[in-house]
Amino acid sequence: METKLAPDPAVVDETGNDMKRPEGLAGNLKYGILGILFGIVFVKAEIVSWFRIQEMFRLQSFHMYGVIGSAIAVAMLSVWLIKRFKIKTIAGEEVVFHPKTFRPGQVYGGLLFGLGWALTGACPGPLFAQIGTGYGVVIVTLLSAIAGTWVYGFFRDKLS
Amino acid sequence: MDLLELIRKPWPWYVAGPLIGLTVPALLLVGNKSFGISSSLRHLCAACVPAGLPFFKYNWRDGIWNLVFVTGILIGGFLTVQFLDNPNNMQIAPQTVADLKALGVSSFSGLMPSDIFSVANVFNLKGFFFFVLGGFLVGFGTRMAGGCTSGHSIMGISNLQGPSVVATCCFMAGGFAMTHLFLPYIMQLF
């Protein structure tokens with residue numbers, strides 16, 4: 001008997017979208033506003049700076065560790081509160097969380113991303129912010145990141 | 001000191017970190033959306049160049065919110081530089097400046113070193129490493145890991161997911177390896 005592994009639901013659907021009611025283009029503008037606020041924080045805290053990432057990987061400044069650590073703490077408390085008090089979305093839906101399963105890709109892919117992070121000084125979010133702040137050349141980095149994602153999709157069946 | 005002047009100064013970690021953390025409940029409660037940014041790159045592939053690959057055969061329209069979100073990040077970056085820019089030079093840790101000078105970095109004004117991140121470098125070896133290879137590793141690695149700093153380190157860990165802790169440790173390990181093992185050799189090529 002041939003046993004087939006069930007596809008990992010977290011890989012099949014990475015849209016992170018669990019809203020049942022369909023949202024039109026106007027509905028999506030909410031996320032644009034959140035993105036703008038998020039981008040402002042990114043730049044004002046200088047998280048998008050290549051120098052800040054170098055400081056972090058050289059253990060020469062606490063800044064990035066403070067940012068990531070306090071972000072996780074606040075997010076963790078929020079998630080706990082949402083689960084504990086069963087807080088609903090503004091549309092009245094139950095909030096959906098996605099458990100993740102262990103895959104070797106988290107190790108190998110994680111290491112590869114880390115190598116790239118120290119070179120570009122950016123994870124995917126800051127790439128967009130860097131372009132916005134006027135470093136137009138980062139468009140090349142972004143296009144290459146899209147190419148990297150595509151190549152992963154191309155070789156996926158052989159790698160996982 | 002008036003408010004605008006205060007906002008224009010760089011924001012300390014204890015202001016920025018919690019605000020970034022609040023993005024998680026904001027997205028969840030506004031529209032049942034799990035925070036994660038690198039999947040936007042997958043949606044772009046699925047929308048523009050799916051090429052019949054199974055990995056890009058899914059309803060990417062469910063991810064439009066994410067594409068709008070990252071467009072917002074870009075606009076936020078633009079608005080900050082236009083209206084809320086720090087009038088003073090960025091303060092970089094002196095030891096980092098010394099280390100980078102020893103590697104051959106010479107420009108320390110602005111968010112990025114202009115001797116690396118300039119259009120003039122797009123078609124040379126510097127551009128190959130810092131834009132092409134770096135970007136490729138970010139796109140390939142995040143998708144293989146199933147998320148980046150936002151999806152794993154913030155959303156995943158705050159949801160107490162072991163795989164996200166593993167992924168985050170690997171992100172950091174890769175970054176340390178590049179900075180301390182490979183970057184010194186790469187910088188010797190220029």
Side-chain angles (χ1 to χ4, degrees), chain A residues 14-19 28 31-32 35-36 39-41 43-45 49-51 55 57 60-61 66-67 70-71 74-76 78-79 89 95 100 102 105-106 109-120 123-125 128-129 132-133 137 140-141 144-146 148-150 152-153 156, chain B residues 11 13 16-21 24-25 28 31-32 34 36-39 41 45 53 55 62-63 65 68-70 72-78 80-81 92-93 95-96 111-112 119 131-132 134-145 148-149 158 161 163 167 170-171 174-175 178-179:
Chain A
E14 288 187 312
T15 59
N17 187 350
D18 296 296
M19 180 130 169
N28 274 312
Y31 310 107
I36 289 173
I40 292 173
V41 178
V43 179
K44 285 316 299 176
S49 164
W50 187 84
F51 294 116
E55 285 177 347
F57 286 131
Q60 288 161 346
S61 162
V67 168
S70 58
V74 169
M76 201 181 276
S78 314
V79 168
T89 71
V95 175
K100 292 178 196 280
F102 280 105
Q106 285 147 0
L111 288 169
L112 291 174
F113 162 51
L115 294 171
W117 190 10
L119 275 176
T120 60
C123 21
F128 292 96
T133 56
V137 72
V140 179
T141 315
S144 193
I146 295 169
T149 301
W150 191 90
Y152 172 71
R156 192 184 125 68
Chain B
W11 297 1
W13 63 265
L19 285 174
I20 291 171
V24 167
L28 285 172
N32 230 339
S34 292
I37 292 175
S38 62
S39 42
L41 305 175
C45 289
L53 297 170
F55 192 63
D62 280 345
W65 74 273
V68 177
F69 185 76
V70 297
I73 295 177
L74 193 149
I75 297 169
F78 173 79
T80 309
V81 170
I92 306 165
Q95 191 57 50
T96 307
L111 289 168
M112 324 268 282
V119 180
F131 313 146
V132 180
F136 189 90
L137 287 169
V138 168
F140 190 98
T142 52
R143 204 70 276 115
M144 190 178 187
C148 60
T149 344
S158 67
Q161 296 301 304
C170 294
F171 299 164
M178 175 53 74
T179 304

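The chains referred to below are lettered A, B, ... by the order of the sequence lines, with proteins before strands, and numbering in each begins at 1. A quick note: this is a predicted structure, and the numbers were derived from the prediction, not measured.
- Heavy-atom pairs under 4.5 Å with chain B were tallied for A/Val41, A/Leu115, A/Val43; the largest tally goes to A/Leu115.
- For the set B/Leu19, B/Val81, B/Val132, B/Thr80, the count of heavy-atom pairs under 4.5 angstrom toward chain A peaks at B/Thr80.
- The candidate from A/Asn28, A/Ile146, A/Thr15, A/Thr120 with the greatest count of non-hydrogen atom pairs under 4.5 Å with chain B is A/Thr15.
- Options B/Cys45, B/Cys170, B/Ala16 differ in how many heavy-atom pairs under 4.5 Å they form with chain A, and the most are formed by B/Cys170.
- Between A/Trp117 and B/Thr149, some side-chain heavy-atom pair lies under the 4.5 Å cut-off.
- For the atom pair CG of A/Leu112 and CZ of B/Arg143, the computed distance is 13.5 Å after rounding to the nearest 0.5 Å.
- B/Gln161 touches chain A through its side chain: at least one heavy atom from C-beta onward sits under 4.5 Å away, while N, CA, C and O do not.
- Of all the listed residues (B/Ser39, B/Ser38, B/Gly31, B/Ala167), the one sharing the greatest number of non-hydrogen pairs under 4.5 Å with chain A is B/Gly31.
- Comparing A/Phe102, A/Phe128, A/Phe57 by heavy-atom pairs within less than 4.5 Å of chain B, the highest count is held by A/Phe57.
- Judged by distance alone, with hydrogens and angles left aside, the side-chain atoms of A/Ser144 form no donor-acceptor pair with the main-chain N or O of A/Val140 at under 3.5 Å.
- With a threshold of 4.5 angstrom between heavy atoms, A/Val95 approaches chain B through its backbone and through its side chain.
- Only the side chain of B/Leu53 comes within contact range of chain A, with heavy atoms under 4.5 Å apart.
- Put simply, of B/Gly141, B/Gly175, B/Gly134, B/Ser34, the one with the most heavy-atom pairs under 4.5 Å next to chain A is B/Gly175.
- Classified by interplanar angle (parallel below 30°, tilted 30° to 60°, perpendicular above 60°), the ring pair B/Trp65/B/Phe69 is tilted.
- For B/Leu28, the parts lying near chain A are the backbone and the side chain together; criterion is any non-hydrogen pair under 4.5 Å.
- A distance of 5.5 Å separates OG1 of A/Thr141 from CZ of B/Phe131, quoted to the nearest 0.5 Å.
- A/Glu55 and B/Thr96 are not linked by any side-chain donor-acceptor pair at a separation below 3.5 angstrom, with hydrogens and angles left out of the test.
- Considering only heavy-atom pairs separated by less than 4.5 Å from chain A, the leading option among B/Gly72, B/Cys148, B/Ala93 is B/Gly72.
- Contact tally against chain B (heavy-atom pairs below 4.5 Å) for A/Gly66, A/Gly110, A/Gly39: the top residue is A/Gly110.
- Separation of the A/Tyr152 and B/Phe55 ring centroids falls under the 6.0 Å cut-off.
- Atom CE of B/Met144 sits about 14.5 Å away from atom CZ of A/Phe113, to the nearest 0.5 Å.
- Side-chain contact between B/Pro25 and A/Val79 is absent, with no heavy-atom pair separated by less than 4.5 Å.
- Both the backbone and the side chain of B/Val68 come within contact range of chain A, each with at least one heavy atom under 4.5 Å from a heavy atom of that chain.
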